[in-house]
**Student:** 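Take a look at the following structure, please.
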Amino acid sequence: MPGMLPAALKATARQPYLALMRRRGRLVRPLFLDYAVTWRCNARCVMCDTWKAKEINPAGVAGELSLAELAGILERDAEFFGQVQKVGLTGGEPFLREDLVDLVRLLHQRLPRARMSLVSNGLLTERILKALAEIRRFFPELVFSVSLDGLEGVHDQVRGVPGAFAKAMATIKGAQELGFTVTSGLTVGRLNHHQVQPVAELLAGMGVDFSCNLQERGGNFHNSGRADELGPEDKAALRRVLERWPHHYYMDNVRAQLDGARRTLPCYAGFTSYFLTPEGNVTICNLISQPLGNLREQTFRAIADAAATWKLRRELADCTCWSQCEVKNSALSAPWHLLAWLARHPRKVQVLRHYAGKLGGRRG
């Protein structure tokens with residue numbers, strides 16, 4: 001936490017530059033990357049079709065970037081990767097990659113200043129904890145996240161795997177015992193909209209940071225169309241529950257969107273952030289699967305500066321999605337929007353006290 005204030009000041013000072021460069025159509029080096037290391041998955045989630053791996057990626061493991069290929073790309077494009085501040089590793093289920101520990105080590109070696117997070121469904125408890133113990137030796141700062149979509153029966157139903165809740169809980173506890181910072185998220189849908197508060201309370205008692213997001217459809221979930229919406233009564237109940245997190249920028253805006261508010265945060269997807277697929281495709285974000293190019297065939301800079309990429313950026317200028325990964329990256333690129341949110345917040349004193357207490361507790 002000691003570097004929090006300088007980092008915030010740097011981000012605030014950088015925003016006018018980023019806005020100017022985007023307006024003028026000038027390329028900047030990426031700050032944030034999300035990388036799906038595999039499409040293989042051992043869950044059967046109701047809100048996601050990625051587990052249908054044979055349909056999505058018939059080549060399977062052979063289609064994924066190998067360690068050697070990834071190392072070559074990172075070396076070839078080292079200059080363009082040089083400003084990356086955060087890498088989010090996702091899937092599929094990342095721990096289905098036999099070489100995941102070496103992949104994390106490689107990324108940490110080549111991008112030593114980047115923070116890194118790793119998201120899992122937590123089903124492979126023994127395998128996951130063994131890998132995390134190895135990662136802990138060289139990268140203890142890694143943030144580990146396990147999805148939790150409800151209490152026992154509900155989580156198992158959403159994930160499509162009997163016993164999924166017990167395995168996820170064992171994985172969370174094991175990761176904490178290893179000394180990792182652990183976070184958890186819940187994807188809200190018709191099956192579990194009533195589970196936000198009980199799951200949050202359970203995780204709070206364990207010292208696990210919690211967030212929730214509305215169900216989405218798109219490229220990273222290998223489905224399309226409009227996600228199933230909650231009925232009016234369920235939306236109203238969820239809005240009331242979300243009032244418990246006035247200090248949480250993302251969830252407070254989920255509540256505002258349920259109230260009919262439109263997104264005002266500018267979208268920086270495909271400008272300061274990109275989504276990388278297991279095959280090496282570069283896409284503009286985790287919801288739009290249209291490949292901008294493939295890193296096996298082109299440099300990252302050439303892909304990012306192509307005319308087709310700029311065309312898609314312009315089309316996304318007024319994006320209204322509230323995808324959690326993309327919102328976080330855009331908010332870090334446009335921190336003035338966070339300040340404006342705080343300035344308008346009717347409970348800004350409570351928000352400031354929350355973060356002051358959290359900062360003080362971590363210092364202690």
Side-chain angles (χ1 to χ4, degrees), residues 30 32-45 47-78 80-81 84 87-111 116-121 123-124 127-128 131 135 147 160-161 216-224 269-270 273-304 306 308-309 312 323 325-326:
F32 314 107
L33 299 175
D34 287 298
Y35 175 24
V37 300
T38 183
W39 290 138
R40 291 173 284 147
C41 191
N42 54 342
R44 299 291 182 267
C45 300
M47 65 285 196
C48 176
D49 290 334
T50 297
W51 55 271
K52 299 175 181 178
K54 290 182 180 178
E55 299 174 23
I56 293 162
N57 181 21
V61 178
E64 298 168 3
L65 288 177
S66 68
L67 274 180
E69 287 179 307
L70 181 60
I73 289 166
L74 289 169
E75 182 176 356
R76 180 196 67 196
D77 297 335
F80 198 60
F81 280 109
V84 171
V87 177
L89 299 179
T90 182
E93 171 50 45
F95 287 89
L96 288 174
R97 279 197 68 139
E98 298 284 350
D99 59 357
L100 182 64
V101 172
D102 291 329
L103 186 150
V104 172
R105 180 184 288 110
L106 173 63
L107 286 167
H108 182 50
Q109 288 173 342
R110 298 299 176 89
L111 306 172
M116 199 177 303
S117 62
L118 177 56
V119 180
S120 171
N121 58 34
L123 293 177
L124 300 170
R127 181 170 178 170
I128 291 169
I135 293 171
S147 303
V161 178
E216 299 164 321
R217 289 182 180 271
N220 192 32
F221 310 109
H222 292 95
N223 50 30
S224 58
S273 65
Y274 296 86
F275 186 86
L276 310 181
T277 74
E279 312 84 1
N281 287 331
V282 177
T283 69
I284 210 153
C285 73
N286 73 329
L287 296 182
I288 298 176
S289 57
Q290 175 185 336
L292 303 173
N294 189 282
L295 291 172
R296 283 173 165 143
E297 302 163 359
Q298 296 174 272
T299 67
F300 198 163
R301 179 178 286 276
I303 293 170
T309 304
L312 189 53
S323 174
C325 294
E326 304 304 336

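When reading the values below, keep in mind they use all heavy atoms of this one structure, side chains included, and skip hydrogens, waters and symmetry mates.
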**Student:** So how far is it from Met116 CE to Leu111 CG, rounded to the nearest 0.5 Å?
**Tutor:** 6.5 Å

**Student:** According to side-chain hydrogen bond (donor to acceptor under 3.5 Å, both in side chains), who are the partners of Glu93, at least two apart in sequence or on a separate chain?
**Tutor:** Ser120, Asn121

**Student:** Determine whether a donor-acceptor pair (N or O, by modelled atom type, separation under 3.5 Å) exists between the side chain of Arg40 and the backbone of Leu96.
**Tutor:** yes

**Student:** Verify, without hydrogens or angle tests, whether Arg110 (side chain) and Ala71 (backbone) share a donor-acceptor contact under 3.5 angstrom.
**Tutor:** yes

**Student:** Can you sort out the partners of Arg105 under salt bridge (charged side-chain N to carboxylate O under 4.0 Å, His left out), two or more places apart, ordered by chain and number?
**Tutor:** Asp102

**Student:** Looking at CH2 of Trp39 and CH2 of Trp51, how far apart are the two atoms once the value is rounded to the nearest 0.5 Å?
**Tutor:** 16.0 Å

**Student:** Keeping the roles fixed (side chain from Thr38, backbone from Gly91), state whether a donor-acceptor pair exists under 3.5 Å.
**Tutor:** no

**Student:** In chain order, what residues pass the side-chain hydrogen bond (donor to acceptor under 3.5 Å, both in side chains) check against Ser289, with sequence neighbours excluded?
**Tutor:** none

**Student:** Take Val87 and Phe81, measure what side chain to side chain contact (heavy atoms under 4.5 Å, CB included) needs, and give me the verdict at the end.
**Tutor:** CA-CA 11 Å; Val87 177; Phe81 280 109; over 6 Å; no

**Student:** Could you list the residues that satisfy salt bridge (charged side-chain N to carboxylate O under 4.0 Å, His left out) with Arg127, not counting sequence neighbours?
**Tutor:** Glu98

**Student:** Provide the closest heavy-atom pair for Ser117 versus Gly88 in the form atom of the first, atom of the second, distance.
**Tutor:** OG-CA, 3.6 Å

**Student:** Roughly how far, to the nearest 0.5 Å, is the CG atom of Leu123 from the CG atom of Asn42?
**Tutor:** 5.0 Å

**Student:** Kindly state each residue pair satisfying salt bridge (Lys or Arg N to Asp or Glu O under 4.0 Å) with at least one member in residues 283-298, sequence neighbours excluded.
**Tutor:** Glu69-Arg296

**Student:** Which heavy-atom pair separates Phe80 from Ala304 by the least distance, and what is that distance?
**Tutor:** CZ-CB, 3.8 Å

**Student:** Looking only at heavy atoms, what is the nearest atom pair of Gly280 and Leu65, with distance?
**Tutor:** CA-CD1, 3.7 Å

**Student:** Rounded to the nearest 0.5 Å, how far apart are CG of Leu107 and CG of Leu103?
**Tutor:** 5.0 Å

**Student:** Which heavy atom in Ile284 sits nearest to a heavy atom in Leu292, and how many Å separate them?
**Tutor:** N-CD1, 3.9 Å

**Student:** Tell me, do Val282 and Leu276 make a side-chain contact under 4.5 Å, heavy atoms counted?
**Tutor:** yes

**Student:** Within the 4.5 Å heavy-atom criterion, are Leu287 and Glu326 side-chain neighbours or not?
**Tutor:** no

**Student:** Under a 4.5 Å cut-off applied to non-hydrogen side-chain atoms, are Leu118 and Leu100 in contact?
**Tutor:** yes

**Student:** Would you compute the distance between atom OG1 of Thr277 and atom CG of Asn286 and round it to the nearest 0.5 angstrom?
**Tutor:** 12.5 Å

**Student:** Within the structure provided, determine whether Thr299 and Arg76 are in side-chain contact (heavy-atom separation under 4.5 Å).
**Tutor:** yes

**Student:** Do you know which two heavy atoms are closest between Thr283 and Pro291, and how far apart they sit?
**Tutor:** CG2-CA, 4.2 Å

**Student:** I need the Leu106 CG to Leu70 CG distance, nearest 0.5 Å.
**Tutor:** 5.0 Å

**Student:** Just to verify, what does Tyr274 make a ring pair (Phe, Tyr, Trp, His ring centres under 6.0 Å) with, not counting sequence neighbours?
**Tutor:** Phe300

**Student:** Would you confirm whether Thr309, through its side chain, and Ile303, through its main-chain N or O, come within 3.5 Å as a donor-acceptor pair?
**Tutor:** yes

